[in-house]
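Structure first, then comments.
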Amino acid sequence: MSGSTIIFFMLAAFTLISAVMAVSTRHIFRAAIFLLFTLIGVAGLYFWMQYDFIAAVQIIVYVGGITVLIIFSIFLTQQAGELLPKQKMGRQIFSALAAFCGFALIMLQVYQHSFNQTTATAIEPTVANIGNRMLGVNEGGYALPFEVVSILLLAALIGCIVIAMRSKPVTS
Amino acid sequence: MPNATYIALIPLLPLAAFILLGIFGRKHFKNSAGIIGTFLLLVSTALALYTAYGYFFDYGKVNGVYQKLIPLQYNWLQFSPGLSIDIGILLDPISVMMLVVVTFISLMVHIYSLAYMKGEERFPTYYAFLGLFTFSMLGLVVSSNIFQMYIFWELVGVSSFLLIGYYYDRPSAVAACKKAFIVTRFADLGFLIGILVLSFYSGTLDFNTLIQRLTSPESSELKTAVAASFLGVSALTWGVVLVFIGGAGKSAMLPLHIWLPDAMEGPTPVSALIHAATMVVAGVFLVARLFPVFSMSAPALEIVSYVGISSALFAAIIACTQTDIKRVLAYSTMSQIGFMMFALGVSGSGGENGLGFTASMFHLFTHAMFKALLFLGAGAVIHFIHSNEMKDMGGLRKYMPITHITFLIACLAIAGVPPFAGFFSKEEILLAAYQHNSFIYWIALITSGLTAFYMFRLYFNIFWNKEHEPQGEHHHGEGGFAMMMPLLLLAVGAAAAGFIPFGHFVSSDGAALESEFHFQFSIAPVALGLMGIFTAMWLYKTKNNKPDKIAVSLNGFYKAAYHKFYFDELYQLITKKIIFNLIGRPAAWIDKNVVDGFVNATGSTTQTISEKIKGFQSGKVQQYAIYFLAGVIALAVLFIYVWK
Amino acid sequence: MNLTLLILLPLLTAITILLLRNTAQVKWVALTGSTLQLILAFYLLFVFNNERSAGNTAQMLFELQYNWFPAWHISFHLGVDGISIAMILLTAFVVVAGILVSWNITKMTKEYYFLLILLSMGAYGFFVSLDLFILFFFLEIAVIPKYLLIGIWGSGKKEYAANKLALMLMGGSALVLVGLLGLYFSTPERSFDLLALAHFNIPIETQMICFPLLFVGFGVFGGLFPFHTWVPDGHSSAPTAGSMFLAGISMKLGAYGCLRVATYIMPEGAKEYANFIIILSTIAILYGAFATMMQKDLKYINAYSSVSHCGFVFLGIGMLTKTAMTGAVLQMVSHGLMTALFFAVIGMIYERSHTRQVNEMGGLLKVMPFIVSVLFIVGLCSLGLPGLSGFVAEMTIFVGSWQNADTFHRVATIIACMSIVVTAVYILRAIGQTAMGPLKAGFENLTDATWNEKLAAILLVAGILAIGLAPSWLNNLISPATDIITQKIFPMAIGVK
Amino acid sequence: MNELFILMKSELLVTGLLFLLLFIKIGKGIKNESLLLIIQSLLLVNFIIGFFFNKEGNLFDGMFNTNGLIALQKSILSLGVYLISLLFADWFKKSEHMAEFFMLMLSALLGMFFMISSGNLLIFFLSLEMATIPVAAMVNFDLDKKISSEAAMKMILSSAFSSGILLFGISLVYGVTGTISFAAMPAVLDGSPLMILAFVFLFTAFAFKLSIVPFHLWTADVYEGAPFATTSFLSVISKGSVAFIFMATLYKVFQPMQDVWYNMIMLLSIVTMITGNLFALRQQNIKRFLAFSSIAQVGFILVGMSSNSPAGTASVVYFILVYTFSNLAAFGVAAAIASQTGKEKIDDYKGLYQNNRFLSWVLALALFSLAGIPPTAGFFGKLFLITAGASKGNYMFITIAALNMIISLFYYLKVVRAVFMDKNDFPVEKITIQFSTKLALIICSTGIVLAGIFSWIYDYIQALS
Amino acid sequence: MMEPGLYHLLFISGALFFIGVFGFFTRRNLVTMLMSIELILNSVNLNFIAFNKYLWPDKMDGLFFAIFIIAIAAAEAAVAIAIIINLYRSHGSIDVESAEELKN
């Protein structure tokens with residue numbers, strides 16, 4: 001067993017265990033922290049796959065952005081220290097069952113499937129390559145999605161501002 | 001060939017009276033309606049007489065045989081090639097004879113009603129209806145096409161309905177007119193199906209063609225009709241028997257007679273016209289019209305004769321017990337028509353065999369005279385007494401002498417006392433029966449004795465018996481001239497009509513039939529008739545308690561006869577209990593609850609399901625997501641594993 | 001003659017009504033429009049007969065065709081034959097009479113007349129269309145006006161009745177739609193054209209599926225047993241003119257569809273299912289008549305009797321002989337006029353006595369002789385009195401039915417014949433209780449018909465008499481058209497005598 | 001670059017409008033009334049421009065496609081937005097966030113334009129999100145209503161969940177085929193079980209957006225909670241755009257798997273029609289009622305879609321045009337009533353006709369059109385959908401669809417009955433409607449009546465598809 | 001055990017996905033539900049990167065997809081949090097079961 005393999009399994013275990021903890025702990029802050037761990041674990045897997053750029057993005061956006069956002073929202077909406085309410089047992093079991101069935105189904109299909117594979121030469125996911133493509137308009141260029149996302153982010157921003165910056169009190 | 005136009009006018013003039021008086025009468029002819037109607041009918045009668053003269057003495061006879069002439073025919077409705085309703089005029093001895101009878105009796109009634117119905121609120125309507133009836137009856141008798149006959153048959157029925165229901169605000173009249181219509185309609189169902197059967201096998205609706213196709217031995221139509229059978233009876237028999245049912249209904253034959261006594265709710269002149277002289281003999285006329293076809297089927301003739309004779313006897317027995325004078329006359333009518341009917345039944349076709357046919361028609365003719373007379377006379381009595389019940393009458397001979405004499409003539413005629421008209425016709429009928437079927441002959445003989453008895457029972461009860469106590473201004477009882485003239489004219493007919501050599505004109509094959517007079521044969525019926533008369537005289541000439549005693553001694557039988565052998569009750573049972581409760585009510589119930597219920601149930605089930613499944617939309621977003629995932633998994637499994 | 005006029009004229013009338021401000025003018029416009037339409041219908045009859053006598057033997061006359069939705073091969077294809085003209089005449093009569101009897105309507109007058117005219121437009125369009133798509137279009141166009149007419153101006157449990165009617169008719173049209181699509185896709189060129197479909201031999205398998213769909217679908221409109229249950233409630237809840245239109249025109253749409261679409265296009269299917277049709281219609285005839293006997297409400301009486309009478313139409317169709325089919329069409333016309341008149345009379349009586357229960361009335365002949373005389377006429381027509389149209393139609397059906405020589409058809413015919421007695425029973429009961437007998441207290445001051453009511457009644461009575469007294473003009477108009485239909489069913493004309 | 005301007009004319013115009021609004025908002029110089037006028041006129045231009053300079057072509061390496069039909073679809077959507085801007089003018093003018101609302105709506109519209117034109121899964125996904133996320137914000141625009149935020153929460157969470165499912169599906173498709181380009185995909189689709197699984201994931205995301213049962217559960221809640229303008233946008237524009245791209249995807253990209261998706265669509269169509277109808281039967285709130293009825297309508301759209309033919313395309317596009325008119329008219333009337341009286345219950349509509357004839361007739365017309373009653377265009381729309389669906393010869397399916405029209409008629413008539421027949425002692429008082437609202441209602445009614453009878457509208461669509 | 005590869009990664013991503021799904025189903029707090037969504041999106045990203053690396057390294061479709069998903073996730077999260085905060089203000093709670101007024 002090579003070192004890479006060991007690292008992989010450790011990363012995998014870390015990610016999954018964190019994920020399970022993130023959805024099961026009754027302390028909301030711990031959940032946020034476990035989410036953070038999971039995201040870092042996923043980033044680790046990207047590193048493991050030598051996709052450095054995406055790993056970096058993962059860390060910056062998720063860890064630096066989204067998690068912080070979530071923690072802020074927890075601060076805004078939650079009295080700290082209170083335990084999360086427990087879901088009904090029936091719902092829990094049913095959800096677990098549904099999730100497991102889905103998982104089993106997908107894994108079954110995935111493992112039965114023999115994937116095709118390209119024979120063409122790989123493109124290295126370097127920052128330069130990515131940057132060129134990102135703003136390219138020709139074959140393999142992603143300028144259009146880039147523009148779309150930018151407008152989307154603008155729209156999301158406007159939406160957030162309008163909704164969150166409400167002035168009048170609620171009348172129900 | 002006769003001129004079609006004026007023959008057509010015979011029925012059309014009364015129709016014109018109907019339209020004119022029906023539409024404008026109420027406003028414009030309030031008082032003159034009677035005169036208008038009578039005048040139009042007078043013209044019509046004159047034309048009918050002229051036609052009869054022409055037919056019998058001028059153009060009708062070719063080579064010694066009276067022809068069936070069709071001076072007018074118009075294609076009214078074409079069903080399919082060869083099968084059409086043609087409205088036309090068929091002249092043959094019986095139709096010409098009927099033209100005369102109908103117009104004459106109708107004219108008498110028109111005239112009589114001028115006085116009798118005077119002052120009625122719906123006077124114009126009355127004359128309009130009379131016109132409609134006369135038109136329909138005339139149309140019926142001249143029909144050249146079996147469907148045309150059916151058409152006028154129905155019209156006759158409806159005009160009878162209208163006239164019986166003339167006093168529409170009397171519940172009893174309403175019930176009577178409904179009953180008359182419905183019972184005859186029920187019979188007409190048989191007629192209609194009979195027409196369908198006959199027309200299918202003969203391929204035509206035209207009388208002449210139909211008779212020709214179904215009687216000539218070599219015709220293929222006849223062979224098929226005889227060969228085809230249903231329930232073991234040949235199609236031909238079915239056809240004519242069904243047609244006969246129609247005739248039996250109209251002619252009040254057993255067991256379809258129940259409407260006739262009730263029909264006396266109509267004004268009395270109407271009873272004279274419709275329920276004595278004309279409409280009720282339509283059944284006889286129908287059988288006579290199709291007689292050649294009937295004669296091809298022995299079972300059918302048997303049925304006709306037995307229905308006829310049993311009705312005759314049955315009605316005669318009931319007539320002996322009734323106290324309403326119009327009802328007595330009604331049952332007597334039924335009895336006499338039974339005579340005509342069985343006369344046809346015992347007749348053969350052609351030559352000497354056709355005696356029954358001639359006798360029947362002869363009796364029809366004479367009966368029209370004396371029965372109309374009886375009714376009109378009874379009308380005069382009722383007009384005077386304002387009651388139909390015998391117990392309110394008695395000793396009227398002093399107050400209404402003319403009525404008395406004419407009534408007596410009519411009674412003698414119907415009783416078969418020579419030389420009055422009834423004697424001759426009844427004699428021939430009995431002779432025909434005697435030659436054919438002795439059982440029927442004996443029954444007929446007894447019935448004719450009974451006839452004499454109940455007629456004179458009526459006569460004595462009205463004009464003799466107890467003395468009448470005049471009340472108030474009822475000093476002289478006779479109606480005016482308008483009422484007396486018809487009585488007198490009819491009395492002449494009733495007295496003298498028997499001397500017409502009827503066989504010369506009317507016979508089953510158109511050739512003259514010499515009727516011989518058998519003196520020795522007449523002894524028995526005349527004797528029986530006289531016996532009946534004297535019995536009646538003994539019982540009823542003066543007031544005594546003998547009738548009551550006899551009634552008591554005949555207890556059960558008398559009661560049954562008095563209650564008309566419970567036929568009405570039987571019908572009540574069938575209609576109310578069976579038709580209404582067992583068919584009508586369930587049908588309505590099924591419609592409300594099953595058919596409709598199914599539709600409503602579909603609606604409410606949908607609503608219920610809609611209510612039941614609302615839990616899916618629980619408002620819980622997580623549950624939505626679970627359903628979402630479940631849907632995804634279900635679809636995936638379905639399409640990966642099951643539905644490839 | 002341009003047949004579009006028949007559709008445009010009502011449309012124009014309807015639009016004019018919408019634009020009017022003055023409610024008093026509305027009814028005059030409606031009357032004028034419908035009278036013009038009646039004149040147009042007569043003109044159509046006239047030119048049609050002229051063309052025919054000039055030797056024009058084309059199946060349909062005055063055909064015209066515009067492409068409408070070329071992508072679907074839908075064309076605005078109009079044309080008439082004898083049957084259509086008979087139906088158009090019927091519609092024109094009933095519409096004029098209907099407008100006349102609703103002269104005194106005060107509630108939402110404009111809308112009322114608008115809907116009436118719209119309804120009539122649907123009927124005209126239906127009867128002249130030769131393309132099944134537009135036929136269906138016009139069939140459905142009439143559903144909502146009926147719903148609104150019952151729901152807004154009706155009486156009794158009107159909302160229930162309106163709903164039931166709309167939903168059942170919609171159900172019928174759903175079946176029709178599926179059937180039509182089956183026909184459409186069975187032809188190689190994908191056509192909705194009636195004549196094209198008729199000349200193309202639809203495969204027998206398709207016929208076996210589509211015939212019942214279409215027949216039952218149209219049958220729902222026509223009140224075919226056991227899909228008739230909208231009839232009693234719908235008719236009795238509708239306002240007078242609404243009932244007249246419903247029973248007089250609307251039910252005929254269904255019957256016409258059964259004949260023209262189902263039977264004509266799919267002769268094999270008709271042959272296969274004829275026995276079912278006969279059984280259902282025979283049941284309807286007798287069962288409807290018996291159910292009528294038990295009704296106490298005049299409108300219910302007429303509604304149930306309509307079920308019975310429309311059973312004759314289906315019987316005539318199911319018998320598959322030319323005469324019976326001609327009789328069926330005659331019965332459509334006859335029943336249309338008769339039932340419209342009956343409803344008109346019931347409406348007149350109700351307006352005065354404020355009751356429709358027969359046992360609450362009596363002796364009305366005394367106070368309203370005109371109305372009651374008309375009631376007599378219509379009752380007698382209903383029970384098949386000669387000289388009135390019902391007789392002609394029923395007898396033609398009977399004679400035609402009898403031409404089938406086997407026991408099954410015979411028995412069915414006899415059972416159907418029996419209804420003439422039952423009909424007599426319920427008609428006489430109804431008339432006897434309402435019109436005859438002693439006058440009930442409180443009815444002494446009722447008045448007779450007004451001019452508009454008289455006019456309406458006379459118009460319809462004239463129609464009834466025109467058929468009843470001289471049926472051959474109508475018979476000659478219809479029978480060539482039914483001949484074509486039966487020829488298709490039995491190409492070698494069977495030896496019917 | 002000239003080509004870019006022509007091919008992306010609608011997108012550029014909308015983007016321009018979006019930025020114009022942004023600058024105006026920043027500058028705060030213009031009153032709502034005049035701003036609305038500007039927006040309306042530019043939207044009208046946007047609608048009209050869809051009929052000119054149409055060219056077939058693609059940009060950005062096939063990521064962006066356009067042709068006449070797509071341009072027409074965009075025009076229909078623009079028309080819808082234009083009508084919304086007219087219909088709810090009253091509400092807009094009162095709102096202090098009108099500019100923001102329009103910015104969100106326009107960005108969603110822009111997202112839809114890109115979505116319809118999208119040529120690969122990435123741009124499709126992005127534009128789908130762009131058409132969703134701003135709408136979630138729009139749902140929350142009744143800021144002082146609790147149900148509005150509840151609805152927004154439900155919308156954003158459900159759509160995020162569905163995005164997750166969609167993305168998982170896309171990732172599997174990518175893994176199996178190695179491409180995300182629509183053009184390249186048909187050649188490499190193999191119909192293997194994993195592919196079917198991936199397709200199901202993808203399909204359900206469409207189903208979610210189109211509110212196909214059982215993925216519809218968010219619909220009614222969101223429609224009810226959202227402001228009228230948003231609800232109508234969601235039910236008409238969103239749904240229309242997703243239907244367009246769904247159809248294009250099925251017909252072009254997943255053509256090799258048509259057996260699978262035909263059955264899937266048939267099944268879901270039946271379930272959708274029945275469920276939508278059964279739920280609609282009971283509803284009292286007009287928005288919720290229209291939500292369920294629109295679910296049933298989607299079932300009908302699926303019938304037409306199942307035909308997999310140009311006729312199917314044409315009938316779906318046509319139906320959506322008709323549906324736009326009908327549904328917007330219904331929502332417009334409901335909004336007009338709600339904005340003045342606050343009444344949203346069907347029972348409150350009893351006796352509406354007494355005081356509000358115009359609104360009643362428009363509502364009735366709209367409902368008849370939705371129910372498919374002639375002579376409204378809805379009749380033609382439904383009939384063409386069914387006819388297209390019947391071309392597969394599956395009569396069971398067609399019969400069920402046709403029978404469902406009965407149930408739907410039942411509940412549409414329920415409203416009609418309330419409006420016209422039921423008595424009410426306190427009917428809705430006379431409602432004054434703004435000119436622009438009236439104009440929009442008239443446009444809708446005209447559309448409802450004439451879009452069917454003037455067959456050239458359908459012919460135009462047919463020619464393009 | 002063999003060398004870790006595509007299938008292992010797919011297993012991890014699948015597991016992550018359904019852990020997220022489970023969380024989404026069972027968590028009652030809206031913020032934690034949002035967290036579950038993030039898990040789901042991460043699993044998808046992992047899928048894309050894995051496919052890109054092991055199967056289709058010749059183009060960078062998967063990679064770009066992942067990048068854009070991250071961007072979308074951010075936008076979605078932002079709007080979602082805005083909505084949640086708004087909901088908190090109006091309902092006084094971010095328990096998902098406190099907002100179930102719209103139903104049936």
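Every chain is numbered from 1, with letters handed out A, B, ... down the list of sequences.
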If you measure from CE on Met294(C) to NZ on Lys592(B), what distance do you get to the nearest 0.5 Å? 13.0 Å
Based on non-hydrogen pairs under 4.5 Å, which of Val421(C), Val399(C), Thr292(C) is most in contact with chain B? Val399(C)
Output for pair (Ile414(C) CD1, Leu242(B) CG), nearest 0.5 Å, gives 7.5 Å
Return the option, out of Val158(B), Asp591(B), Leu77(B), with the maximum number of heavy-atom pairs under 4.5 Å with chain C. Asp591(B)
Out of Pro438(C), Gly437(C), Gly363(C), Ala291(C), return the one with the most heavy atom pairs under 4.5 angstrom to chain B. Gly437(C)
Quick one: which of Thr407(C), Leu383(C), Val392(C), Thr326(C) has the most heavy-atom pairs under 4.5 Å with chain B, could you say? Leu383(C)
Min side-chain heavy-atom separation Phe398(C)-Ile195(B) under 4.5 Å: no
What part of Phe376(C) gets closer than 4.5 Å to chain B, counting heavy atoms only: side chain, backbone, both or neither? side chain
For chain C, which residues from residues 183-190 of chain B have at least one heavy atom closer than 4.5 Å to it? Arg185(B), Phe186(B), Leu189(B)
Considering only heavy atoms and a distance below 4.5 Å, find which of Met395(C), Gln295(C), Lys164(C) pairs most often with chain B. Met395(C)
Contacting region of Ala435(C) [heavy-atom separation from chain B under 4.5 Å]: backbone
Measure the shortest side-chain to side-chain distance between Thr125(B) and Pro369(C) over non-hydrogen atoms and say whether it is less than 4.5 angstrom. no
Under 4.5 Å from any heavy atom of chain C, what part of Leu205(B) do you find: side chain, backbone, both or neither? neither
Evaluate whether atom NZ of Lys30(B) has more than 12 neighbouring non-hydrogen atoms of other residues, nucleotides or ligands under 6.0 angstrom away. yes
Interatomic spacing from CG in Leu380(C) to CD in Glu154(B) - rounded to 0.5 Å: 10.5 Å
Is it the backbone or the side chain of Leu192(B) that comes under 4.5 Å from a heavy atom of chain C, or both, or neither? side chain
Tell me, for Val197(B) versus chain C, whether the close heavy atoms (under 4.5 Å) come from the side chain, the backbone, both or neither. both
Given Tyr168(B) and Ile431(C), is the side chain to side chain contact (heavy atoms under 4.5 Å, CB included) satisfied, shown in steps? CA-CA 11 Å; Tyr168(B) 65 89; Ile431(C) 291 182; over 6 Å; no
If I take atom CG from residue Asn75(B) and atom CG from residue Asn476(C), how far apart are they, to the nearest 0.5 angstrom? 8.0 Å
Leu196(B) and Cys417(C): side chain to side chain contact (heavy atoms under 4.5 Å, CB included), yes or no, with the steps? CA-CA 11 Å; Leu196(B) 293 178; Cys417(C) 285; 4.3 Å; yes
Flag, side chain of Asn475(C) to backbone of Gln78(B), donor-acceptor distance under 3.5 Å: yes
Ring pair (Phe, Tyr, Trp, His ring centres under 6.0 Å) against Tyr426(C), all qualifying residues, sequence neighbours excluded: none
Per-residue contact mode, Tyr167(B) against chain C (heavy atom under 4.5 angstrom): neither
In terms of heavy-atom contacts, does CD of Glu121(B) have more than 12 from other residues, nucleotides or ligands at under 6.0 Å? no
Select, from Gly22(B), Ser84(B), Ala588(B), Ser136(B), the one with the greatest count of heavy-atom pairs under 4.5 Å involving chain C. Ala588(B)
Heavy-atom pair with the smallest gap, counting every atom of Lys178(B) and Gly432(C): CD-CA, 4.3 Å
Phe391(C) and Phe147(B) aromatic ring geometry - parallel, tilted or perpendicular at 30°/60° bounds: perpendicular
Contact class of Asp483(C) relative to chain B, heavy atoms under 4.5 angstrom: neither
Check: Lys322(C) and Phe79(B) side chains under 4.5 Å, non-hydrogen atoms: no
Minimum heavy-atom distance between Ser80(B) and Thr323(C), given as atom pair plus value: CB-OG1, 3.6 Å
To the closest 0.5 Å, what do you measure between CD1 (Ile583(B)) and CE (Met293(C))? 7.5 Å
Is the shortest side-chain heavy-atom distance between His228(C) and Val595(B) below 4.5 Å? yes
For Arg410(C), which atoms come within 4.5 Å of any heavy atom of chain B: side chain, backbone, both, or neither? side chain
Please examine the side chains of Val174(B) and Gln433(C), heavy atoms only from C-beta on, and report whether any two atoms are closer than 4.5 Å. no
Is the count of non-hydrogen atoms from other residues, nucleotides or ligands lying under 6.0 Å from Phe24(B) atom CZ greater than 12? no
Looking at Phe598(B), I'd like to know if its CZ atom is crowded, meaning that more than 12 non-hydrogen atoms belonging to other residues, nucleotides or ligands lie closer than 6.0 Å. no
Below 4.5 Å, heavy-atom pairs only: which of Val307(C), Val422(C), Thr396(C), Leu167(C) has the largest tally toward chain B? Thr396(C)
Do the non-hydrogen side-chain atoms of Ser472(C) and Trp76(B) ever get within less than 4.5 Å of each other? no
With only heavy atoms counted, which part of Val599(B) is less than 4.5 Å from chain C, the side chain, the backbone, both or neither? side chain
Residue pair Cys177(B) / Met436(C): nearest heavy atoms and the distance that separates them: SG-CE, 3.8 Å
